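Remarks on the structure that follows.
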Amino acid sequence: MAYVITRLCTDCLDLGCVDVCPVECIYRLVDEPSDLLPNMLYIHPTECINCGACEPECPFEAIYEDVELPAARFDDARVNGLCEERPSAFEVARVPLDEHGRMIHKPNPDEAAVAANKRRWGLEG
Ligand code: SF4
Ligand code: SF4
């Protein structure tokens with residue numbers, strides 16, 4: 001079992017999930033995004049220890065335990081697995097730091113933005 005980052009993460013990349021992961025198993029693309037490799041973060045399915053720490057950190061509610069994935073997002077478990085199948089296309093995601101060494105995160109989305117993003121990906125917003 002592993003947690004899965006769904007397509008709801010697409011183009012967000014605020015990395016709020018990354019700094020709580022105790023085993024650095026959240027990856028980002030180094031290749032150009034494509035239909036096959038969307039611009040989102042990916043959880044490595046065999047490195048993830050299923051601790052659940054990342055799930056409540058995601059402002060877009062994009063992270064699910066694999067057994068809890070909604071039907072509209074089942075395919076995202078396969079998509080996350082691409083970081084294991086194609087390691088050269090990925091690197092461990094890290095939160096960028098400002099000139100004072102503080103982590104830079106995007107501001108959290110408001111409720112309307114979270115709901116609109118859910119609807120975009122086939123979930124009830
Ligand atoms: S469930 Fe735990 S180990 Fe897995 S990606 Fe989230 S924080 Fe990392
Ligand atoms: S916090 Fe959520 S939306 Fe932001 S990068 Fe992590 S998984 Fe993606």
Side-chain angles (χ1 to χ4, degrees):
M1 297 212 302
Y3 275 70
V4 171
I5 293 179
T6 63
R7 301 280 186 118
L8 276 74
C9 172
T10 304
D11 300 330
C12 161
L13 307 188
D14 79 336
L15 311 176
C17 51
V18 164
D19 49 309
V20 300
C21 179
V23 293
E24 297 191 337
C25 69
I26 300 178
Y27 287 78
R28 71 175 199 72
L29 273 176
V30 292
D31 280 3
E32 281 299 304
S34 63
D35 287 345
L36 176 67
L37 297 170
N39 184 32
M40 54 182 260
L41 297 192
Y42 298 68
I43 293 175
H44 192 294
T46 56
E47 293 179 2
C48 175
I49 59 171
N50 219 38
C51 71
C54 53
E55 187 266 334
E57 297 299 319
C58 177
F60 282 103
E61 301 172 24
I63 305 176
Y64 290 81
E65 193 171 12
D66 51 7
V67 292
E68 301 286 342
L69 276 169
R73 303 277 26 110
F74 277 166
D75 186 54
D76 293 335
R78 178 193 62 78
V79 173
N80 278 228
L82 293 169
C83 72
E84 182 171 29
E85 291 170 24
R86 299 168 181 244
S88 63
F90 293 88
E91 66 182 9
V92 172
R94 299 196 190 284
V95 182
L97 303 177
D98 68 14
E99 69 271 24
H100 305 294
R102 292 180 296 231
M103 291 181 181
I104 303 171
H105 287 292
K106 291 182 185 174
N108 278 354
D110 62 19
E111 261 181 53
V114 172
N117 191 51
K118 284 183 177 176
R119 289 193 296 274
R120 177 186 178 196
W121 296 106
L123 303 183
E124 225 168 87

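Start at 1 and go down the list; that is how both ligands and their atoms are numbered. The structure displayed is predicted, hence computed values, not measured ones.
Using modelled atom types, one side-chain atom of H105 and one backbone atom of D14 make a donor-acceptor pair closer than 3.5 Å.
Counting only heavy atoms from C-beta outward, the side chains of E47 and V92 never approach each other to under 4.5 Å.
Taking each heavy atom of P59 and V114 in turn, the nearest pair found is O-CG2, 3.4 Å. Across P38 and L29, no two heavy atoms sit closer than the pair O-CD1, 3.3 Å.
Distances below 4.0 Å separate heavy atoms of C12 from the following atoms of ligand 2: 3 (S), 4 (Fe). In the vicinity of C51, heavy-atom distances shorter than 4.0 Å reach the ligand 1 atoms 1 (S), 2 (Fe), 3 (S), 7 (S). The G52 neighbourhood of ligand 1 comprises atoms 1 (S), 2 (Fe), with distances under 4.0 Å to a heavy atom of that residue. Counting the atoms of ligand 1 from 1 in the order shown, those under 4.0 Å from a heavy atom of I43 are 5 (S). In the vicinity of Y3, heavy-atom distances shorter than 4.0 Å reach the ligand 1 atoms 1 (S). Taking a cut-off of under 4.0 Å to the non-hydrogen atoms of F60, the atoms of ligand 2 that pass are 3 (S). Listed by atom number, the atoms of ligand 1 under 4.0 Å from C25 heavy atoms are 3 (S), 4 (Fe), 5 (S), 8 (Fe). Close approach to V23 involves these atoms of ligand 1, each under 4.0 Å from a residue heavy atom: 3 (S). Under a 4.0 Å criterion applied to the non-hydrogen atoms of P59, ligand 2 contributes the atoms 1 (S).
If you take CE on M40 and CG on D76, they are separated by 5.5 Å, rounding to the nearest 0.5 Å. Taken to the nearest 0.5 Å, the CZ atom of F90 stands 5.5 Å off from the CG atom of L82. Distance check, rounded to the nearest 0.5 Å: CD of E57 to CD1 of I63 gives 8.5 Å. Rounding to the nearest 0.5 angstrom, the gap separating the CZ atom in R73 from the OH atom in Y64 is 9.5 Å.
When hydrogens are left out, the protein atom nearest atom 3 (S) of ligand 1 is I49 N, 3.4 Å; that is the closest non-hydrogen contact. Counting only heavy atoms of the protein, atom 4 (Fe) of ligand 1 lies nearest to C48 SG, 2.3 Å. Summary of contacts: the protein heavy atom closest to atom 8 (Fe) of ligand 2 is C9 SG, 2.4 Å.
Under a 4.0 Å N-O distance rule, the pair R28/E91 qualifies as a salt bridge.
Look at C58 and atom 8 (Fe) of ligand 2: no N/O/S atom of the residue is under 2.8 Å from the metal.
Contacts between L15 and ligand 2 below 4.0 angstrom, taking non-hydrogen atoms only, involve the backbone exclusively. Heavy atoms of D14 found under 4.0 angstrom from ligand 2 belong to the backbone as well as the side chain. In C17, the parts holding a heavy atom less than 4.0 Å from any atom of ligand 2 are both the side chain and the backbone.
Taking 4.0 Å as the cut-off, C54 does not count as a neighbour of ligand 2 on heavy-atom distance.
Ring planes of H44 and Y27: tilted class, angle from 30 to 60°.
Checking each of T10, V79, I43 against I5 for a side-chain contact (heavy atoms from CB on, under 4.5 Å) leaves exactly one that passes, namely I43.
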